[in-house]
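The block underneath contains the structure these notes are about, expressed in structure tokens.
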Amino acid sequence: MAAVHRFGEEENLIGGKQVPGAARVGRRSPRLTRLLKRARRHDERELSGVGALVGVTELVRAESDLPTVLALIARTVSDVLGFGTVVLNLYRPEWDDFCVTTVHGDEDVRQALLGSTYGWDGWAQLLDERFLRGGAFFIKNGEFDWGKDIGDRYVPERKVSENPEAWNPADEVFVPLAGPGDELLGILSVGDPVSGLRPTNEDLQLLVGLAHHAAQALAAAQAAIVRERHRASLEELMHISSDLTRTLSTDPILHAVCNGIANALGFQKVCVDLLAEDGVTLVTRAAAGWDPGERLVNQNLSLPEIAPLFDSDYELAGCFLVPSDVARERLDTSQVIYESELNGRGPHAWNHHWLVIPLHGPKEEIIGVIWADEPEDRLVPTEERLQALRIFANQAASALTLATQFEQMRFLADHDPLTQLPNRRAFMRELERTVGEAIEAREPLSLVILDLDDLKALNDRHGHANGDDCLVRIGSLLKTELRPGDQAFRIGGDEFAVLLTGADEEAAKGVATRFSEALERSGRSSMLRVEASFGIAERGPGMESPDELLREADEAMYRAKNRRKLARATG
């Protein structure tokens, strides 16, 4: 907060990293070089009053790169006003404090102050009205008890002249840097005037005026950074969105959504939960930034139980950003399975917030949710950032709907819509494949054809809706009663087929018997009782055609059906 008389290269600290000011300034454009020379050419142009302010404003506004702007502000204040030490304390909204990001002075000053942080309590003691002079806060040696805990301070050892207006190394001058909305962007600290004298009221007024223009340039640079990040985010999301519309598979879409939000919008942890068929359970289908074994990825949530988060009081741009205390008050502990780690402090900081974005289907029903957590900047996302997230979520939901419809069409191409079993088309393809594999492996293969008896009579007596219910029951029994690896198909109106790999005729008869018994048990408590006739065929030596196996099983089924009819007629 005080320094030495000789000039040194400024250095910047941005995002926790030190960036040498000389290297940054060395890449200035020719226009900046000319402006800097003009600002230093005191003998050619007297930079005082309005002239100095206009010159500095032109100088710093020529760059939007924040480290360069900070270095230019510090150097220009030093050159124009003759202060050997200039320190910029930048406000950090993620921590709600001030950090020394730029120091213009010698190496001792930089090492002592660069990276130091100061809270509001410390500055409140210094920016007191009793020290206010012309918009600046001038604290003379002896006017303040520096023994109080206000943070790091550096006072060089210097001789003080006997002049009553001589600058004392323990003197301090601070100027707040206010943005367009009067928000505090930082605090400018100067010391060690080259004249060796304390600044006059006129000096302080010029410093305050120059600081005002410097604050405008700082605000413009910060705004330009935000705009550039937002533009880059939108461009990346648009690129990903265009790919989503061409992706007709659910899993790639979900992974692209997670990675897009993580990379473009700066969230370290993102996951997508889709609603299960029960309409209640939210199942994690894709994630970015999570380890596969973490609890959130493996533990399902409940849509009705997280519904209290969807409160309009916490809705912004279609996203729901809920404070931690509110979320915990509204949710059961079973739904609280993760706590944020990248938290900050202060009114703008992320602090264990819950950010959830519902995914809506074509009828505006909720089909899933996106969770975003761990913002890299530790800040609550801006409205623009949430708008981008909502737009991207809408694109993702549309792509999911298209992918689901495509998958349904692809499923129905090979499946019976009533029983959900593979259809005849799929059966013929699978029959050819399994016959070929059985021949190559020299393993047994059996085929069972079963035909429901009197399904037509059941339809006539109880209606086709009940007949359909009976078919659905048969399909469910086939799915649950067969051995692992066996495949069941609906190949006709009341006709089903079962492929038994690795099973000879005797094993196939056992499967048919078990299924017949299960069918009989399931019909005991139902009016919709049906029986089935079974035809069994085993692929024998020399039988290399799938059609031969199917014809043999089909003929066996018809023989069994005729025997049952004859038995009924004579019984």
Side-chain angles (χ1 to χ4, degrees), residues 414-416 418-455 470-526 528-568 571:
D414 287 327
H415 289 76
D416 168 45
L418 182 62
T419 64
Q420 304 295 296
L421 291 175
N423 57 19
R424 188 177 187 88
R425 177 173 177 265
F427 167 68
M428 296 305 297
R429 184 177 62 243
E430 196 64 17
L431 177 63
E432 183 174 359
R433 185 186 69 81
T434 53
V435 167
E437 289 181 352
I439 293 172
E440 184 176 349
R442 297 182 179 179
E443 292 181 348
L445 170 68
S446 293
L447 171 63
V448 179
I449 299 293
L450 66 99
D451 185 271
L452 300 182
D453 298 331
D454 301 325
L455 181 63
C470 181
L471 290 169
V472 170
R473 179 159 54 95
I474 300 300
S476 298
L477 284 173
L478 284 170
K479 293 174 185 175
T480 57
E481 294 296 329
L482 296 179
R483 307 172 309 170
D486 294 343
Q487 300 180 76
F489 306 83
R490 184 186 180 193
I491 60 175
D494 55 1
E495 196 172 12
F496 297 82
V498 180
L499 273 172
L500 306 172
T501 55
D504 57 18
E505 184 175 0
E506 202 59 37
K509 287 179 180 179
V511 171
T513 300
R514 288 198 307 273
F515 182 77
S516 181
E517 292 171 351
L519 183 60
E520 195 275 332
R521 289 194 303 270
S522 71
R524 288 175 185 171
S525 59
S526 173
L528 309 178
R529 299 184 61 179
V530 292
E531 295 179 343
S533 298
F534 295 85
I536 299 172
E538 179 185 359
R539 191 196 69 80
M543 184 186 292
E544 299 186 359
S545 169
D547 293 337
E548 289 182 68
L549 185 62
L550 176 57
R551 183 172 57 253
E552 186 173 319
D554 215 25
E555 291 174 352
M557 183 272 295
Y558 279 110
R559 288 195 298 269
K561 184 178 284 289
N562 289 332
R563 286 195 299 268
R564 291 172 66 86
K565 287 181 179 180
L566 182 60
R568 288 177 185 175

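In this text the structure is predicted, and so the values were computed from the model without any measurement.
Between D554 and E495, some side-chain heavy-atom pair lies under the 4.5 Å cut-off. Looking at L471 and D416, their side chains never come closer than 4.5 Å, going by heavy atoms from C-beta outward. Between E437 and L445, the closest side-chain pair of non-hydrogen atoms is not below 4.5 Å. Contact annotation: the side chain of D453 approaches that of K561 to within less than 4.5 Å [non-hydrogen atoms, C-beta and beyond]. For the pair E517/E481, no side-chain contact is recorded, criterion being any heavy-atom separation below 4.5 Å from C-beta on. With contacts defined as side-chain heavy-atom distances shorter than 4.5 Å, the pair V498/F515 does not qualify. Within the 4.5 Å cutoff, the side chain of E443 has no heavy atoms near those of the T501 side chain. Contact of the I449 side chain with the Y558 side chain is not registered, since no non-hydrogen atoms from C-beta on lie closer than 4.5 Å.
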**Request:** May I have the step-by-step check of side-chain contact (heavy atoms from CB on, under 4.5 Å) for R483 and L500, ending in yes or no?
**Result:** CA-CA 9 Å; R483 307 172 309 170; L500 306 172; 3.8 Å; yes
**Prompt:** Between D547 and M428, does a side-chain contact (heavy atoms from CB on, under 4.5 Å) hold up when you go through it step by step?
**Reply:** CA-CA 9 Å; D547 293 337; M428 296 305 297; 4.0 Å; yes
**Message:** Pair D414, R425 - check side-chain contact (heavy atoms from CB on, under 4.5 Å), show working.
**Reply:** CA-CA 6 Å; D414 287 327; R425 177 173 177 265; 2.3 Å; yes
**Request:** Take L431 and V435 through the test side-chain contact (heavy atoms from CB on, under 4.5 Å) and record every step on the way to the result.
**Result:** CA-CA 6 Å; L431 177 63; V435 167; 4.0 Å; yes
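Taking CG of L447 as the start and CD of E552 as the end, the distance is 9.5 Å to the nearest 0.5 Å. For the atom pair CG of L550 and OG of S545, the computed distance is 9.0 Å after rounding to the nearest 0.5 Å. The distance from atom CD of E531 to atom CG of L452, rounded to the nearest 0.5 Å, is 10.5 Å.
Checked against side chain to side chain donor-acceptor pair (under 3.5 Å), Q487 has the following partners two or more places apart in sequence or in another chain: E430.
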